[in-house]
2 protein chains.
Amino acid sequence: MPWDTARTRERLLDAGSRQFAATGFAGTSVADIGRDSGVNKERLYAYFGSKRKFFDQVLAHRLDGLLDDLEVPGTGPEAVGAWAGLLWDRYVADPDVARLLAWEGLELDGPAAAAHRTSACADVTRRLQDALPTADEKAARHLLLSVITLVTGAWTLAGLTALVTPDDDRDDRRAATVRHAVVLARAVQAP
Amino acid sequence: MPWDTARTRERLLDAGSRQFAATGFAGTSVADIGRDSGVNKERLYAYFGSKRKFFDQVLAHRLDGLLDDLEVPGTGPEAVGAWAGLLWDRYVADPDVARLLAWEGLELDGPAAAAHRTSACADVTRRLQDALPTADEKAARHLLLSVITLVTGAWTLAGLTALVTPDDDRDDRRAATVRHAVVLARAVQAP
DNA sequence: CCATATCCCAACCGATCGGTTGGAGTCTAG
DNA sequence: CTAGACTCCAACCGATCGGTTGGGATATGG
């Protein structure tokens with residue numbers, strides 16, 4: 001049987017995603033990744049060069065394309081709320097990605113894989129503008145940033161949620177976030 | 001001259017705040033704190049027991065009371081926006097505290113110093129309700145959580161801001177955040 | 001004035017860190 | 001068939017980690 005080097009790479013990236021999401025760059029040791037992946041850690045250096053370069057690859061691999069196939073379902077402010085719900089559900093299905101986003105903001109100077117992601121954000125901005133025809137581009141950008149911040153923050157500032165709304169469960173919080181996204185969208189549409 | 005043990009403690013806490021804010025719990029070594037504070041690291045163990053207990057003390061010391069003396073300046077949705085601006089300005093004056101909040105969410109299971117902070121959040125909720133008389137308590141909580149998330153997220157999800165609104169400076173972002181807080185408050189006031 | 005409690009600090013400890021190496025096993029081009 | 005490239009892994013490297021210790025300096029109660 002031939003070697004499945006692509007699969008070995010994939011296993012390293014998957015384990016890296018899990019470990020970095022859980023404990024961040026500084027909190028994760030290369031040995032942890034080797035253990036989680038079942039791959040000898042020397043392979044990580046052969047494939048990726050260093051722990052730091054590997055981290056960048058993991059971030060790019062998971063964060064690049066995060067918003068690409070997230071369509072705005074319909075038009076009007078409610079569609080923006082539904083879009084926020086879709087992003088929320090993406091975090092439900094894969095909580096690592098929200099945490100990776102947060103680690104990126106804290107541990108890195110700038111965003112990883114910036115080129116493609118900038119254009120992806122511009123795409124989403126355009127889709128929001130299509131859904132809210134009366135909105136100008138700058139307002140749509142601000143709306144997008146606030147919605148992403150609300151959804152992502154709900155997943156990463158977990159301590160805050162526990163302090164402010166200790167009785168709410170995750171579905172309550174999802175509903176409130178979607179509602180707030182709708183409100184923001186409505187304000188952008190009719191200023 | 002007598003020893004100024006209170007000052008030594010303070011110097012350790014200050015250095016811990018700086019270092020933990022910059023690189024997090026896992027990313028900061030006890031030697032770093034000793035170097036930054038000018039205090040021998042053995043003192044940290046004498047005063048605080050362990051790196052972990054020291055971290056909890058730093059978080060409690062800086063995060064407890066964060067919202068205590070933040071009054072809602074006036075009434076109506078605009079006052080809520082102004083309150084968001086005050087919180088923003090607090091982060092401007094002391095950016096460490098926003099980052100500590102984010103590290104807390106990522107590296108800890110639950111919030112530090114929960115007891116007092118929960119009641120502090122309840123206090124702020126009450127103040128928001130006073131400013132928005134028609135709002136019910138649950139809606140006010142959700143409003144508070146979203147506003148704090150928006151302001152804090154703008155400081156900690158820095159990569160996102162750079163991707164979505166690359167041309168905006170910090171004042172633009174402050175203005176947009178305040179505006180969005182007003183919009184959310186208006187929706188809570190008149191549902 | 002002395003016992004003693006506390007403070008301070010350099011040196012030290014075993015464990016673990018990121019990263020490397022040497023060599024055995026596995027495939028492929030000619 | 002074989003030379004050479006690639007994959008894999010245990011063992012290893014110096015540096016740094018969190019945490020400790022022993023001893024000298026400083027203050028205080030009797």
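Proteins get letters first, then strands, A, B, ... in listed order; numbering begins at 1 in each.
Under 4.0 Å is where a charged nitrogen must lie from a carboxylate oxygen, and between Arg11(A) and Asp14(A) no such pair does. Under 4.0 Å is where a charged nitrogen must lie from a carboxylate oxygen, and between Asp36(A) and Arg18(A) at least one such pair does. A salt bridge links Asp56(B) with Arg52(B): the closest approach of a Lys/Arg side-chain nitrogen to an acidic carboxylate oxygen falls below 4.0 angstrom. For the pair Lys138(A) and Asp172(B), the salt-bridge criterion is not met [side-chain N within less than 4.0 Å of a carboxylate O].
One finds the CZ atom of Phe48(A) at 12.0 Å from the NZ atom of Lys53(A) (value rounded to the nearest 0.5 Å).
Annotation: cation-pi pair Arg43(B)/Tyr47(B) present, NZ/CZ under 6.0 Å from the ring centroid and within 45° of its normal.
Within residues 14-34 of chain A, the residues having any heavy atom closer than 4.0 Å to DNA chain C are, in order of number, Thr28(A), Ser29(A), Val30(A). Interface residues of residues 37-59 of chain B facing DNA chain C, ordered by number: Asn40(B), Glu42(B), Arg43(B), Tyr47(B); criterion, heavy-atom separation under 4.0 Å.
A donor and an acceptor atom, one from each side chain of Ser17(B) and Arg62(B), are located under 3.5 Å apart.
Contact check, Thr8(A) against dT7(D): no side-chain N or O comes under 4.0 Å of OP1 or OP2.
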Practice problem: Under the side chain to side chain donor-acceptor pair (under 3.5 Å) rule, what do Asp32(A) and Gln19(A) come out as? Steps first, then yes or no, please. | Solution: CA-CA 7 Å; Asp32(A) 291 336; Gln19(A) 297 292 324; over 6 Å; no

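As rounded to whole Å, 12 Å separates atom P of dT7(D) from atom CG of Leu12(A).
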